Each structure stands twice: as C-alpha cells, then as structure tokens.
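Small disclaimer: the values here were computed from a predicted structure and weren't measured. Read the numbers this way: they start at 1 and go in the same order the structure lists the ligands and their atoms.
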Amino acid sequence: MERGVYLLPEKRRRRPCVLFSVTALLLVFVIVGVALGVTLRHENDTFQETFISRCEKFKGSDCQKIWRAFEQAYVGRDPCNVPMEEYNPLVAAAPPQPACNRIMLWSKTKDVVHDFTEKRDCFGTLEDTLLGSVLDDLTWCGKEGSSETFTTGCPGWTDCEKNPVRSFWYRASAAFADAACGDVTAMLNGSISTPFYPTSIFGSIEVKRLNSTRVKSLNVVLVTEQNEVANCTNASLKDLQKELDKGIKYNCKEVEKSQIEECASDPQKPCGACW
Ligand code: DVN
C-alpha cells in the first residue's frame, strides 16, 4: 500500500465533529440551566430581601415569622387557586392597626393619595401599614411541586380571580376596613364617569366592611381636574351611599387635584385645611 497520508473513511472522519457538537450543546444546556437556576434563586432571594427590609422599618416586628406566615399562603400551590383566606395567618401575624380618624381609603387615585400620605402625616392608607407596605407594587406566586417564590411568569390581575396578588389585596383590604374607626376618608376619582364602582376593592370589600359600631362617618374627597367628569351628585356615589352601613354619616366634597398637591407640599398647612 503506497505510503502517504492515511485518510479516514468519511463516516469515521465525521465522528469527532459530532462528538464535539453534542458536547458543546450539552455544555450550553448546563450553562443555561445553571444561569436560570441562579436567576430564579436570585429572584426568590431579592423578593424575600425586599419583604424583610420593608418589614424591618416597623420596629419590633418579627419579620421572619411574618415572612413564613406570608409564603405559606401560596408556595407550592396552583397560582390560580389561592383563595384570599389563605392569607389569614399573615393578617393574624401583622394585623393592621390604623389610628382612628386617619384612615384613607382610595380608588383609582393611587398616585395622588400616596403622594399626599408620603408628604403629610395626616392620613394613612393600607400601603402605609406593615401589611400593605411589604408587598406594595410587587408580584409573586408559587407553583405546584415547588417551594420557590416566583416573581415572573405569574398570573396577571385579571388572568384568574384567585391569584396570589389579587387575593392578598382583597384580604388585606378587608382587614384594613375591619379595623377602620372614627371618621374615615376616601379619595375617589372625579375624572371618571363612575368614581364608585362595585367591582373595585373599595366597592366590593372595603365599603361593605365599614361598621357603624366603629366608624362614625365616611368623607369622600372627589379629586377633580379641569375636565371634571363627575361631581358629588354622580349616580355612582348614590350607589355608594346605599351600600354604606346606615349608621355611618356620608359626606362628599369636590377638591381640585392641584389644591391637594399644594397642601401635600406645604407642611405648615394644617391637615384639616387641605379640603
Ligand atoms: O382603598 C384602596 C386600598 O386600601 C386598596 O387596598 O384597595 C383600595 C383600592 O382598590 P380599588 O378600589 O380596586 O382601586 P383601583 O385603583 O381600581 O385598584 C387598586 C390597585 O389594584 C391598582 O393600583 C392596581 O395595583 P397596581 O397595578 O397599580 O399596583 C390593582 N388593580 C386593580 N385593578 C387592576 C389592578 N391591577 C391590574 N389590573 C387591574 N384590572
């Protein structure tokens, strides 16, 4: 056989290339898998870190106990099957204790309300309590067969009724309304045709749970802008009055958004003078 370069048959020549490609592919899968695992782990840790650091702002709270009471509501569950009652242990661990005459409820006015309560110490919303503040603007869910907390790939607010986020806000709002006492204020949106609507949390949960044995009055502040759509004679506000416990006095006042914002930025102005 003539000496020379011994060429491998085509099939045997292809084998190292195939082996190399399979190894490379496996390596890519392992790297992606590890990266995904680290990301999920990081998601979980970051979420818990956020929860705990917000909780620790409320001195004297057992934040690890509150965290455990929270995660037992949704971890390992179908994220579309978390009834609001699953958060009962969390509410028991961190019950809202709002100061009488300073409770602020709201609906479709989140930004103006929180701008006001952040700048002035006149009122407190649910989101100013431990229960509301640890989870404000966060999203979370669990999955059957997993002990993780996920912050992505969770059902949206309207995807299913019993999702972990919506059920939490329903349950927390119920606890907040149950604890309401004295003169309660509610900031509603005068730029929409129905400032009060029955399917909102304010309408479906909070108004129904205000009890005249504790609550003396409900004072609606209807936030208006130039293009005022609704005023205090709006039909939906008459529905609100019908829903209200009979012994609770109802008031309504139209207040320009600019007046509220000015008052929020003027700490010298007494709370009562803001509207
Ligand atoms: O009194 C307040 C407060 O105590 C709170 O606990 O409930 C009352 C406000 O709830 P609400 O009456 O339903 O008023 P909103 O403005 O319709 O909804 C309140 C919040 O629920 C929204 O700000 C949404 O939260 P987000 O996304 O701004 O962090 C959420 N929400 C309501 N309907 C939603 C929705 N999020 C997404 N899609 C929807 N359809």
Side-chain angles (χ1 to χ4, degrees), residues 47 50-51 54 70 79-80 82 84 87 90-91 94-118 122-141 151-152 154-211 215 217-223 225 229-230 234 236-237 239-240 243-244 248 250 252 257 260:
F47 180 87
T50 302
F51 184 106
R54 290 181 179 184
F70 163 68
C80 274
V82 179
M84 61 187 276
Y87 288 102
L90 171 61
V91 171
Q97 294 160 325
C100 292
N101 306 317
R102 289 165 52 92
I103 288 114
M104 173 74 80
L105 305 176
W106 54 273
S107 192
K108 292 279 186 268
T109 51
K110 186 173 190 177
D111 295 341
V112 62
V113 164
H114 286 159
D115 177 62
F116 187 78
T117 56
E118 274 158 23
C122 306
F123 296 98
T125 64
L126 169 59
E127 295 74 24
D128 297 306
T129 66
L130 186 159
L131 193 61
S133 72
V134 290
L135 292 163
D136 195 21
D137 291 331
L138 298 182
T139 188
W140 65 92
C141 63
T151 57
T152 54
C154 296
W157 188 273
T158 54
D159 289 344
C160 48
E161 174 87 20
K162 295 179 187 170
N163 68 68
V165 176
R166 187 164 172 170
S167 290
F168 166 75
W169 286 111
Y170 277 49
R171 185 64 190 85
S173 301
F176 192 56
D178 288 345
C181 47
D183 296 319
V184 173
T185 305
M187 211 171 260
L188 304 182
N189 192 330
S191 299
I192 56 178
S193 56
T194 52
F196 175 74
Y197 61 103
T199 55
S200 66
I201 299 174
F202 175 67
S204 61
I205 299 268
E206 293 172 322
V207 167
K208 294 178 188 293
R209 296 178 82 117
L210 296 179
N211 185 311
V215 176
S217 70
L218 175 67
N219 302 295
V220 167
V221 173
L222 195 62
V223 183
E225 294 188 73
V229 173
N234 182 279
S236 74
L237 295 176
D239 297 337
L240 165 50
E243 286 288 341
L244 206 49
I248 297 175
Y250 170 85
C252 177
K257 186 176 179 184
I260 295 170

Inset, instruction - May I ask you to list the atoms of ligand 1 that are less than 4.0 angstrom from any heavy atom of L105? - result: 1 (O)
Legend entry - Any N or O of E206 closer than 3.5 Å to N or O of ligand 1: yes
Inset, instruction - Taking the six-membered ring for Trp and the single ring otherwise, decide whether the centroids of F168 and W140 are under 6.0 Å apart. - result: yes
Legend entry - Closest approach of S191 to V229 (non-hydrogen atoms, all atoms of both residues): O-CG2, 3.4 Å
Inset, instruction - Would you please determine whether E127 falls within less than 4.0 Å of ligand 1 on a heavy-atom basis? - result: yes
Inset, instruction - Compare W157, F168, Y197 and give the one whose heavy atom is closest to atom 33 (N) of ligand 1. - result: W157
Legend entry - Heavy-atom nearest neighbour in the protein, as seen from atom 29 (O) of ligand 1, with distance rounded to 0.1 Å: K110 NZ, 3.0 Å
Inset, instruction - Tell me which protein heavy atom sits closest to atom 16 (O) of ligand 1, plus the residue, atom name and distance to 0.1 Å. - result: K108 N, 2.9 Å
Legend entry - Nearest option to atom 18 (O) of ligand 1, as decided by whichever heavy atom of W169, W106, F202 sits closest: W106
Legend entry - Exercise: do D239 and S236 side chains pair donor with acceptor under 3.5 Å: no
Legend entry - Polar side-chain atom of N189 near backbone of S107 as donor-acceptor pair, under 3.5 Å: no
Inset, instruction - Please write down residue, atom name and distance for the protein heavy atom closest to atom 14 (O) of ligand 1. - result: S107 OG, 3.4 Å
Legend entry - Main-chain N/O of D136 paired with R54 side-chain donor or acceptor, under 3.5 Å: yes
Legend entry - Mode of T109 contact toward ligand 1 - side chain, backbone, both, neither (heavy atoms, under 4.0 Å): neither
Inset, instruction - May I ask you to list the atoms of ligand 1 that are less than 4.0 angstrom from any heavy atom of T158? - result: 40 (N)
Legend entry - Where ligand 1 meets D137 - atom numbers and elements under 4.0 angstrom, heavy-atom basis: 29 (O)
Legend entry - Under 3.5 Å: donor-acceptor pair, side chain of Y170, backbone of K162: no
Legend entry - Test item: S167 side-chain N/O and P164 main-chain N/O as donor-acceptor pair under 3.5 Å: no
Legend entry - Backbone of M187 reached by a side-chain donor or acceptor of T109 within 3.5 Å: yes
Inset, instruction - Give a yes or no on whether a salt bridge exists between D111 and K257, defined as a side-chain N under 4.0 angstrom from a carboxylate O. - result: no
Legend entry - Heavy-atom protein contact below 4.0 Å for atom 40 (N) of ligand 1: yes
Inset, instruction - Please write down residue, atom name and distance for the protein heavy atom closest to atom 11 (P) of ligand 1. - result: I201 N, 3.5 Å
Legend entry - Verify atom 24 (C) of ligand 1: protein non-hydrogen atom under 4.0 angstrom away: no
Legend entry - Nearest atoms (heavy-atom pairs only) where R166 meets W157: NH1-O, 2.8 Å
Legend entry - Sidechain-backbone polar pair: N163 side chain, P79 backbone, donor-acceptor under 3.5 Å: no
Legend entry - Distance from atom 6 (O) of ligand 1 to nearest protein heavy atom, with residue and atom: S173 OG, 2.7 Å
Inset, instruction - Answer with yes or no whether T125 contacts ligand 1, where contact means a heavy atom under 4.0 Å from a ligand atom. - result: no
Inset, instruction - Select one of side chain, backbone, both or neither to describe which atoms of L126 lie under 4.0 Å from any atom of ligand 1, heavy atoms only. - result: side chain
